[in-house]
Enquirer: 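Quick one: structure below, then a few questions.
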Protein chains: 2
Amino acid sequence: MNEKKHLLTMTALDLFYKNGINSVGINEVLKASGVAKKTLYNHFVSKDTLIIATLEYRHNVFLHWLKQSLANSTTNEDLVRYLFNALTRWFNNEVPELTSFNGCFFINAAAECVGQSEEVITYCRFHKAQVRQLIASHMQIIDEQLLDMICLLKEGAITSAYVSQDLQAAQKCLPWLMSNMKK
Amino acid sequence: MNEKKHLLTMTALDLFYKNGINSVGINEVLKASGVAKKTLYNHFVSKDTLIIATLEYRHNVFLHWLKQSLANSTTNEDLVRYLFNALTRWFNNEVPELTSFNGCFFINAAAECVGQSEEVITYCRFHKAQVRQLIASHMQIIDEQLLDMICLLKEGAITSAYVSQDLQAAQKCLPWLMSNMKK
DNA sequence: ATTTATGGAGACAAGTTTGTCTACCTTTGC
DNA sequence: GCAAAGGTAGACAAACTTGTCTCCATAAAT
């Protein structure tokens, strides 16, 4: 990708994630990145296009991080342990590449762009489906019900960590999941 | 409360919940409610004050509905059953007073108003705490860990129902929770 | 060396936004 | 009948939004 385009995408993602997509104007992105308006509209058709680019970028970073976090799991128990420990590290700002925790960028984007951009919510759905698939691909024994629970608890933990500032939300899931697996 | 003030609050809540707080301007609320701008600023200091009023109103409606939904529960198992069945009815638009499902108004508001209104996020936290307390008050046998799981699964179900359009998200929680309770 | 592409700075247009203010009307109480 | 209170309608201000366009500078390729 072009250097300026990449810079714009990263800067926009930073600001969108920190302050909300609708609260951040194009001019703010330009000022923060030091790029000219002409250049932005040279690379992006509209702000919406830029938003989609930030979603794609975040998606890649997030999936890469998650893939690495689950890489060493060999059993379903491992998977659960690695996943929720990784979430806890994310919530507590121990994952630099995900930047300072501010909830799930995709949940936030979906909430912000309702009735404004159908493409955004579609991409958010896609992201969630991809994450689910990645988790599923690390299951030794396929258990659809367990997969459902893992995904629901993951979403709940992210939301609780963000809205209720419960940074230990993910840790609370572990004993329950573990005790329910060895049966 | 004053008649016009009430009308403004309800109209604003409707529009905010359906289309997003930041996407709905004051003028739209005025047009939809048929109230004059002067009257709005007679009752509300600013748009932020109106937003808080919609949060308070939604909070009351939601808690009233939840209280009624859980009223007949006498055991922890009942509680879980009543709660997640109620959520399923909400997701599937079978609860008129909660209006057409569009996710959790408080999660959405928190996502939209980040770095814009500290009061909004504080109220959202308060709402989540109140809901948790209501659920806790219906527990026959107090089990903090179970309460955590219920609340996390509830948040996860709401998010999944909204973002991933999984309207059966809440139902998926039931077997798991039930099997984990009788041990 | 000159053409071509790219970017910087920012003026500008057209439309938003929130919030104020004026002028008038309607209702209610005395 | 009349005064006070509160609502309506909407003009207006000031600031913001996205997106276009011009002018100029720089750098790379032929």
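The sequence lines fix the lettering, A, B, ..., with proteins before strands; numbering per chain opens at 1.
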Enquirer: Going by salt bridge (charged side-chain N to carboxylate O under 4.0 Å, His left out), name the residues that satisfy it together with A:Asp48, two or more places apart in sequence or in a different chain.
Expert: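 Testing A:Asp48 for salt bridge (charged side-chain N to carboxylate O under 4.0 Å, His left out), a comparison that skips the adjacent residues, returns none.
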Enquirer: Can you sort out the partners of B:Asn76 under side chain to side chain donor-acceptor pair (under 3.5 Å), two or more places apart, ordered by chain and number?
Expert: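 Side chain to side chain donor-acceptor pair (under 3.5 Å) list for B:Asn76, sorted by chain: empty.
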Enquirer: According to side chain to side chain donor-acceptor pair (under 3.5 Å), who are the partners of B:Ser46, at least two apart in sequence or on a separate chain?
Expert: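 For B:Ser46, the residues satisfying side chain to side chain donor-acceptor pair (under 3.5 Å) (neighbours in sequence not counted) are B:Thr49.
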Enquirer: Test: salt bridge (charged side-chain N to carboxylate O under 4.0 Å, His left out). Region: residues 89-115 of chain B. Which pairs qualify, not counting sequence neighbours?
Expert: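 Output for this query is empty, none listed.
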Enquirer: Listed by chain and number, what are the salt bridge (charged side-chain N to carboxylate O under 4.0 Å, His left out) partners of B:Glu118, not counting sequence neighbours?
Expert: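 Not a single residue meets the salt bridge (charged side-chain N to carboxylate O under 4.0 Å, His left out) criterion with B:Glu118.
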Enquirer: Please identify each residue that fulfils salt bridge (charged side-chain N to carboxylate O under 4.0 Å, His left out) with B:Asp166, with sequence neighbours left out.
Expert: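 Expected list: B:Lys172.
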Enquirer: Under the side-chain contact (heavy atoms from CB on, under 4.5 Å) test, which residues partner A:Glu56, sequence neighbours left out?
Expert: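 A:Glu56 satisfies side-chain contact (heavy atoms from CB on, under 4.5 Å) with A:Ile52, A:Tyr123 once adjacent residues are dropped.
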Enquirer: What about B:Trp90 and B:Phe62, are their ring centers closer than 6.0 Å?
Expert: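 Yes; B:Phe62 has its ring centre under 6.0 Å from that of B:Trp90.
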Enquirer: Quick check for you: name the first and last nucleotides of DNA chain C, 5' to 3', having an atom under 4.0 Å from a heavy atom of chain A.
Expert: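 Answer, 5' to 3': C:dG7 to C:dG10.
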Enquirer: Who pairs with B:Arg58 by salt bridge (charged side-chain N to carboxylate O under 4.0 Å, His left out), at least two apart in sequence or on another chain?
Expert: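 Once residues adjacent in sequence are excluded, B:Arg58 has no partner under the salt bridge (charged side-chain N to carboxylate O under 4.0 Å, His left out) criterion.
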Enquirer: I need the residues from residues 31-38 of chain B with at least one non-hydrogen atom less than 4.0 Å from DNA chain C; give them sorted by number, or say none.
Expert: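 Those residues whose heavy atoms fall under 4.0 Å from DNA chain C, taken from residues 31-38 of chain B in numerical order, are B:Lys37, B:Lys38.
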Enquirer: Side chain to side chain donor-acceptor pair (under 3.5 Å) with A:Lys154: which residues, sequence neighbours excluded?
Expert: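 If we apply the side chain to side chain donor-acceptor pair (under 3.5 Å) test to A:Lys154, skipping adjacent residues, there are no hits.
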Enquirer: Which part of the nucleic acid does B:Asn27 contact within heavy-atom distance under 4.0 Å: base, sugar-phosphate only, or nothing?
Expert: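 Here B:Asn27 touches the bases of the nucleic acid.
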Enquirer: With a strict under 4.0 Å distance from non-hydrogen atoms of chain B, what nucleotide opens and what nucleotide closes the contacted stretch of DNA chain D, reading 5' to 3'?
Expert: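 Range of nucleotides touched by chain B: D:dG7 to D:dG10.
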